[in-house]
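Structure, as structure tokens:
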There are 2 protein chains.
Amino acid sequence: MTSRLKIPRKSIYRLSVYSRCLNRLLDNHVETVSSDTLAKAAGVKPAQLRKDLTYLGNFGRRGLGYNVAELWQRINSTMGTNRLLPVVLVGVGNLGSALLSYQGFAKEGFEIIAAFDAEPERRRHRQSAIPIYDMNRLGAFLKSHKVKLAIIAVPAEAAQEVVNRLVSHGIQGILNFSPLLLQSPTDVMVNNVNLAIELENLAYFVR
Amino acid sequence: MTSRLKIPRKSIYRLSVYSRCLNRLLDNHVETVSSDTLAKAAGVKPAQLRKDLTYLGNFGRRGLGYNVAELWQRINSTMGTNRLLPVVLVGVGNLGSALLSYQGFAKEGFEIIAAFDAEPERRRHRQSAIPIYDMNRLGAFLKSHKVKLAIIAVPAEAAQEVVNRLVSHGIQGILNFSPLLLQSPTDVMVNNVNLAIELENLAYFVR
DNA sequence: CTGAATTTGTGAATTTTTTCACAAACTATT
DNA sequence: AATAGTTTGTGAAAAAATTCACAAATTCAG
Ligand SMILES: NC(=O)c1ccc[n+]([C@@H]2O[C@H](COP(=O)([O-])OP(=O)(O)OC[C@H]3O[C@@H](n4cnc5c(N)ncnc54)[C@H](O)[C@@H]3O)[C@@H](O)[C@H]2O)c1
Ligand SMILES: NC(=O)c1ccc[n+]([C@@H]2O[C@H](COP(=O)([O-])OP(=O)(O)OC[C@H]3O[C@@H](n4cnc5c(N)ncnc54)[C@H](O)[C@@H]3O)[C@@H](O)[C@H]2O)c1
């Protein structure tokens with residue numbers, strides 16, 4: 001299938017997981033993998049894995065399994081994770097600083113190319129190759145660089161205003177850490193990471 | 001319904017969201033709210049909100065809506081978020097430090113009562129009311145305090161080993177930040193927070 | 001080359017989740 | 001107390017997601 005088939009959101013999440021499992025197989029120089037083995041590693045049922053993969057075409061070999069390198073390649077080109085994607089960060093407080101100094105993003109396909117804060121001077125002591133700018137430079141920066149994704153780690157009170165500014169400057173995807181439901185146009189996607197809700201969920205099922 | 005009905009996982013997540021919306025209504029001294037209004041605030045359809053609430057019993061008033069205080073009370077007692085829940089943190093690096101200094105958890109019903117790190121002395125300079133212990137004190141601590149939940153923010157290489165230790169000392173719910181799928185007994189619940197996967201997801205749907 | 005053993009790909013069946021749509025219950029107004 | 005207007009609660013319908021189960025394709029051992 002060369003046409004761009006609509007892949008369900010949940011499948012996209014799982015494809016990311018599969019890709020990470022494949023990384024480890026590649027590291028171990030494993031050449032082929034069956035849906036059974038890969039599914040176990042990814043924590044899903046084999047039939048689901050196979051169904052997910054049909055969105056990318058048919059390229060498994062019956063009786064043998066999938067070629068690890070090819071599968072990896074297919075998933076990553078579908079997900080667009082072949083190239084390093086630029087991201088901006090807004091809010092360099094406790095959490096933002098941790099994100100800034102995190103080396104893992106590069107390995108996972110992302111690069112925070114700049115950070116912004118209402119009080120950048122307070123943040124200057126943090127040594128880092130990534131520049132931290134004042135918020136008044138946000139518009140110009142987003143205009144000159146073609147960034148589509150942003151992470152916001154500002155206090156809840158400021159989050160909606162920051163979203164509005166990001167949206168007005170063309171940001172299309174936002175990862176939000178503030179524990180607040182943010183309003184945004186339908187063509188701008190906001191993914192929320194709410195640690196308290198995750199903990200609450202654990203607490204409920206634990207008893 | 002007084003019997004403990006099984007509430008679906010997705011409903012539990014949404015109940016957490018509703019609870020947060022209700023907090024704001026309480027702050028504003030709003031007394032009643034309709035499913036329509038609350039659903040809009042929570043970003044769901046009214047029918048879904050009502051269906052979710054039926055797991056808690058019937059206590060809306062037709063023609064009027066729900067009493068905000070009562071609804072809040074019912075959700076929170078179902079979720080067990082009336083009392084402050086103790087949590088331990090393992091790994092006080094960049095991310096763990098941010099979590100430790102986060103004041104927001106208390107407001108959301110959780111309290112990090114202790115942190116553990118393989119190199120606690122490196123972490124001592126961080127001033128905080130929360131003690132940071134060496135890993136060899138983990139077992140004794142978990143035995144004396146009755147903690148069921150843990151957050152792990154250690155490097156990926158160490159994550160599985162930490163899970164094993166936590167599980168062996170009776171931890172039943174784990175919030176995992178390492179970008180790795182961890183093995184655990186079926187009666188121990190692990191929720192993963194994987195920022196790279198969230199970003200990848202955004203990136204895909206943004207283009 | 002043969003036959004047993006694997007493993008994919010996928011329609012169909014099943015399960016889960018969401019949405020619809022409306023009677024019943026209540027409010028508010030006059 | 002009658003009427004008009006809301007809003008819940010919920011079966012039933014629809015949609016979405018998962019799982020089953022098996023024919024077809026291929027491998028592999030001898
Ligand atoms: N720290 C955590 O572990 C943690 C955990 C869960 C959720 N969160 C959420 O993440 C967000 C950040 O938390 P934090 O602990 O890093 O907070 P923080 O107060 O340490 O940092 C917030 C930063 O945002 C900057 N800021 C404030 N208003 C701004 C604006 N209008 N524009 C740009 N920058 C602005 C501040 O200068 C500060 O540097 C909060 O919404 C918090 O609720 C944090
Ligand atoms: N920092 C981020 O923004 C970020 C973002 C996404 C994911 N993560 C993940 O979160 C985890 C922590 O990230 P980080 O940046 O804070 O790492 P870090 O290296 O700054 O901190 C890790 C801490 O864990 C401690 N540690 C190591 N081995 C241990 C063990 N066996 N037992 C107990 N403690 C041990 C170390 O002493 C250190 O203090 C990693 O798995 C990382 O991939 C971090």
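Naming: A, B, ... by sequence-line order, numbering from 1 per chain.
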Item checked: Salt bridge present between A/E111 and A/R83 (N-O < 4.0 angstrom) -> no
Notebook entry, point to check: Is the distance from OP1 or OP2 of C/dT8 to the nearest side-chain N or O of A/S35 less than 4.0 Å?
Noted result: yes
Check: Closest nucleotide of DNA chain D for B/S34 versus for A/K10: which of these residues is on the 5' side?
Finding: B/S34
Check: Closer than 4.0 Å, any side-chain N/O of B/N58 to the OP1 or OP2 of D/dT10?
Finding: yes
Next item on the list: For the residue pair B/N192 and B/N176, confirm or rule out a side-chain donor-acceptor distance under 3.5 Å.
Entry: yes
Margin query: Does C/dG9 have its OP1 or OP2 closer than 4.0 Å to a side-chain nitrogen or oxygen of A/Y66?
Written below: yes
Margin query: Taking only side-chain N and O atoms of B/R61, does any of them lie within less than 4.0 angstrom of OP1 or OP2 on D/dT8?
Written below: no
Note to self: Quiz question: by atom type and distance under 3.5 Å, do the side chains of A/N67 and A/T32 form a donor-acceptor pair?
What the structure shows: no
Next item on the list: Report yes if a side-chain nitrogen or oxygen of A/R50 is closer than 4.0 Å to either non-bridging phosphate oxygen (OP1 or OP2) of C/dG11; otherwise report no.
Entry: no
Item checked: Pairwise 5' ranking along DNA chain D for A/L64 and A/S11, keeping only the more 5' one -> A/S11
Next item on the list: Send over the distance from B/L56 CG to D/dT8 C1', rounded to a whole Å.
Entry: 14 Å
Notebook entry, point to check: Has the side chain of B/R62 got a donor or acceptor atom sitting under 3.5 Å from an opposite partner on the base of D/dT8?
Noted result: yes
Notebook entry, point to check: Atom NZ of A/K51 and atom C1' of C/dT14: how far apart are they, to the nearest Å?
Noted result: 12 Å
Check: What's the CG-C1' distance between A/D36 and C/dT6, to the nearest Å?
Finding: 10 Å
Check: Is B/R61 salt-bridged to B/E70, going by a charged N under 4.0 Å from an acidic O?
Finding: no
Checklist line | First encountered from the 5' end of DNA chain C, between B/R14 and A/A47 | finding: A/A47
